Amino acid sequence: MKKVYTCFCTDVIHEGHLNILHEACKYGEVTVGVLTDAAMVRFNRFPTISLEERMALVRETGLAKQVIVQNEIMYDSILQDLKPDYVIHGDNWQEGPEKAIRENVLSNLESYGGELIEIPYTYNDMVKKIDDRMKEKLAMPEFRRKRLRQLIEMRPIVKTLEVHSGLTGLIAEKTVVENNGELDQFDAMWISSLCDSTAKGKPDIELVDMSSRIRTIDDVLDVTTKPIILDGDTGGLVEHFVYNVRTLERMGVSAVIIEDKTGLKKNSLFGTEVEQTQDSIENFCEKIKAGKQALRTDEFMIIARIESLILERGMEDALERAFAYVDAGADGIMIHSRRKSPDEIVTFCKRFREKNADTPIVVVPTSFNSITEEELAEAGVNIVIYANQLTRSAFPAMQETAVEILKHHRALEVDSRLMPFKDIIRLIDEI
């Protein structure tokens, strides 16, 4: 009997999946692969049920001879092992990033004489409703809030992109790229105090209060599903921090990062060029403890940001603070540097890991941007935050457009470098 293979990466079996399975059964014995959690988050949605539950859904159809695990997005290992006569898939992967997976399948099938059969993708109101429900489920606070901890466990490094609006949130949510035969996307979103303030035309001195910050968070939460890490500046007064932590937890934010400075907030980009006061270890530990005691779940993370290297207080001071903050209950450590070389960051991470193998480390490679994610992961980093690149890329483009319109008294000269608005609108889902 001929061997047939198809792969699913879904939390629900709907009419479209059943159609593929029924078609597959016409060609022979069907084996269904189910993508692992780690593979799914590389290019698809985060799973809302376990791998075992997803495999059970397929078995319950009664249409698969066997259900197996597919560990990787690309099909090389699974096809070389099974050598099915046919691979069955919907035709929705002929365009876009998933085209790379299709090409990978065709290449493998060609190597031993297998055949790809593509089934027209099922588009109807019921399938759309099911897909919409899955997205809504992913966006619910109880699912979103815990997702950062889950990603830390399953990803070599959690890639986080700065967002400051619903539209930039959609960019972080929907950007998928193919590179060297692999698909990848961002894992989480960073709502920066600096970029949020800048978008509102305000200085980055904690002038934009938490109520205004929450409105930005709401805009992003409303149209995305990925976990959010919030830049909490200094955390403010302990009494305010306790209240804000509980609010963020209830909203579904995954983590807040607070820095160990006091007084009027000055951006770390200035380093020692302006007067900045670092909080005492004792005071900052009390703030961490108070925040942790206020939480209602074990999912929300309070991450302590150490400014010792920024303020040139030295490596020993940074490490002393890191271990103290972890002892106080911090769920992660963010270490920051203004140097172009990543050497001191790598040194800190390696020395921290000598005594603490588990506490997540967060870095923001804005100045030391030559280091790769792979190198950071090797040093022990768990989360990398690209903290302001969307804002910095948008501003010069908008300013240049404004200048050209003024210069030529018309918009013709700028039109060639503008994205058609219909392409922007495609990011926005219709209800």
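Just so you know, these numbers use all the heavy atoms, side chains as well, and skip hydrogens, waters and symmetry mates. Only a predicted model underlies this, so the values are computations on that prediction, with no experimental measurement involved.
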Exercise. Could you go step by step and tell me if His164 and Thr216 meet the side-chain hydrogen bond (donor to acceptor under 3.5 Å, both in side chains) rule?
Worked result: CA-CA 7 Å; His164 54 268; Thr216 301; over 6 Å; no
Problem set entry | Steps toward side chain to side chain contact (heavy atoms under 4.5 Å, CB included) verdict (Ile101, Tyr75) | CA-CA 8 Å; Ile101 306 176; Tyr75 284 56; 3.5 Å; yes
Exercise. Taking it one step at a time, do Val256 and Ile258 satisfy side chain to side chain contact (heavy atoms under 4.5 Å, CB included)?
Worked result: CA-CA 6 Å; Val256 64; Ile258 54 171; 4.3 Å; yes
For this session: Quick one: do Arg54 and Glu52 satisfy salt bridge (Lys or Arg N to Asp or Glu O under 4.0 Å)? Show the steps, please.
Result: CA-CA 5 Å; Arg54 298 199 300 279; Glu52 292 73 22; over 6 Å; no
For this session: Starting from the C-alpha separation in whole Å, work towards a yes-or-no answer on side-chain hydrogen bond (donor to acceptor under 3.5 Å, both in side chains) for Asn179 and Asp184.
Result: CA-CA 8 Å; Asn179 186 36; Asp184 214 350; over 6 Å; no
Exercise. Going through the checks in order, is the side chain to side chain contact (heavy atoms under 4.5 Å, CB included) test met by Leu230 and Arg213?
Worked result: CA-CA 9 Å; Leu230 178 71; Arg213 302 288 308 282; 3.2 Å; yes
Exercise. For Gln185 and Lys226, what are the C-alpha separation, side-chain angles and deciding distance, and is it a side-chain hydrogen bond (donor to acceptor under 3.5 Å, both in side chains)?
Worked result: CA-CA 11 Å; Gln185 64 176 324; Lys226 294 185 177 180; 2.9 Å; yes
Problem set entry | CA sep, side-chain torsions, deciding dist, call: Asp37, Phe46, side chain to side chain contact (heavy atoms under 4.5 Å, CB included) | CA-CA 7 Å; Asp37 295 357; Phe46 198 99; over 6 Å; no
For this session: Decide side-chain hydrogen bond (donor to acceptor under 3.5 Å, both in side chains) for Glu320 and Tyr325; before the verdict, give the C-alpha distance in whole Å, the side-chain angles of both, and the deciding distance to 0.1 Å.
Result: CA-CA 9 Å; Glu320 180 186 0; Tyr325 298 162; over 6 Å; no
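Checking side-chain atoms of Asn356 against main-chain N and O of Asp358 turns up a donor-acceptor pair under 3.5 Å. No side-chain donor-acceptor contact under 3.5 Å links Asn92 to the backbone of Tyr121. At distances below 3.5 Å, not a single donor-acceptor pair connects side-chain atoms of Thr168 with backbone N or O atoms of Val163. Checked by atom type and distance alone, the side chain of Asp415 never pairs as donor or acceptor with a backbone atom of Ala411 at under 3.5 Å. No side-chain donor-acceptor contact under 3.5 Å links Thr61 to the backbone of Leu57. Here the side chain of Arg246 pairs a donor or acceptor atom with the backbone of Ala294 at under 3.5 angstrom. With hydrogens and angles ignored, the 3.5 Å screen pairs no side-chain donor or acceptor of Asn388 with any backbone N or O of Thr391. Side-chain N or O atoms of Glu373 include none that pairs as donor or acceptor with a backbone N or O of Val384 at under 3.5 Å. When atom types are taken as modelled, the side chain of Arg321 and the backbone of Ala304 share no donor-acceptor pair closer than 3.5 angstrom. Using modelled atom types, one side-chain atom of Ser393 and one backbone atom of Leu390 make a donor-acceptor pair closer than 3.5 Å.
Counting all heavy atoms, side chain and backbone alike, Asp187 lies closest to Pro227 at O-CD, 3.3 Å. Closest non-hydrogen pair, Cys285 versus Ala324, comes out as SG-O, 3.6 Å. Looking at every heavy atom in both residues, Ala379 comes nearest to Val346 through CB-CG1, 4.2 Å. Among all heavy-atom pairs drawn from Ile302 and Gly291, the shortest one is CD1-C, 3.5 Å.
Judged as a salt bridge (Lys or Arg N to Asp or Glu O under 4.0 Å), and not counting sequence neighbours, the contacts of Lys289 are Glu286. With sequence neighbours left out, Arg147 forms a salt bridge (Lys or Arg N to Asp or Glu O under 4.0 Å) with no residue at all.
Phe352 and Phe323 have parallel rings, their planes meeting at less than 30° on a 0 to 90° scale where 60° marks the start of perpendicular. Between His14 and His17, the ring planes lie tilted relative to each other; the angle falls in the 30° to 60° range.
Within a 6.0 Å radius of NE2 in His240, other residues, nucleotides and ligands contribute 12 heavy atoms or fewer. Shown here is Lys200, whose NZ atom has more than 12 heavy atoms of other residues, nucleotides or ligands within 6.0 Å. Annotation: Glu142, atom CD; neighbour count of heavy atoms from other residues, nucleotides and ligands within 6.0 Å is above 12. For Met315, the CE atom sits in a packed shell: over 12 heavy atoms of surrounding residues, nucleotides or ligands are nearer than 6.0 Å. Residue-environment remark: CG (Asn124) exceeds the threshold of 12 foreign heavy atoms within 6.0 Å. At most 12 heavy atoms of other shown residues, nucleotides or ligands fall within 6.0 angstrom of atom NZ in Lys129. Heavy atoms of other residues, nucleotides or ligands lying less than 6.0 angstrom from CZ of Arg59 number more than 12. Atom CG of Asp298 sits in a sparse spot, with 12 or fewer heavy atoms from other residues, nucleotides or ligands closer than 6.0 Å.
Ion pairing of Asp219 with Arg215 is absent here, as no side-chain N (NZ or NE/NH1/NH2) approaches a carboxylate O to less than 4.0 Å. Taking 4.0 Å as the cut-off between side-chain N and carboxylate O, Glu316 and Arg351 count as a salt-bridged pair.
Here the CZ atom belonging to Arg45 is positioned 8.5 Å from the CE atom belonging to Met40, to the nearest 0.5 angstrom. A distance of 8.5 Å separates OG1 in Thr234 from CZ in Phe284, rounded to the nearest 0.5 Å. Taken from CE in Met210 to CZ in Phe241, the straight-line distance is 9.0 Å, to the nearest 0.5 Å. For the atom pair CD1 (Ile385) and CD1 (Ile229), the distance works out to 4.5 Å, reported to the nearest 0.5 Å. Atoms CD and CD, on Glu178 and Glu103 in that order, are 7.5 Å from each other to the nearest 0.5 Å.
For Glu404 and Thr401, the side-chain atoms include no donor-acceptor pair closer than 3.5 Å. The closest side-chain donor-acceptor pair between Tyr5 and Gln70 falls under 3.5 angstrom. Thr372 and Glu375 form a side-chain donor-acceptor contact under 3.5 Å, judged by distance and modelled atom types alone. Residues Thr31 and Gln66 have side chains that bring a donor and an acceptor to within less than 3.5 angstrom of each other. Judged by distance alone, the side chains of Glu15 and Thr122 never bring a donor and an acceptor atom under 3.5 Å apart. Side-chain N/O atoms of Ser193 and Asp196 include no donor and acceptor closer than 3.5 Å. A donor atom on one side chain and an acceptor atom on the other are not found under 3.5 Å apart for Asn71 and Thr36. A donor and an acceptor atom, one from each side chain of Gln278 and Asp260, are located under 3.5 Å apart.
Considering only heavy atoms from C-beta on, Val41 comes within 4.5 Å of Pro47 through its side chain.
Shown are Arg149, Arg145, Arg144; of these, the salt bridge (Lys or Arg N to Asp or Glu O under 4.0 Å) with Glu299 is made only by Arg145.
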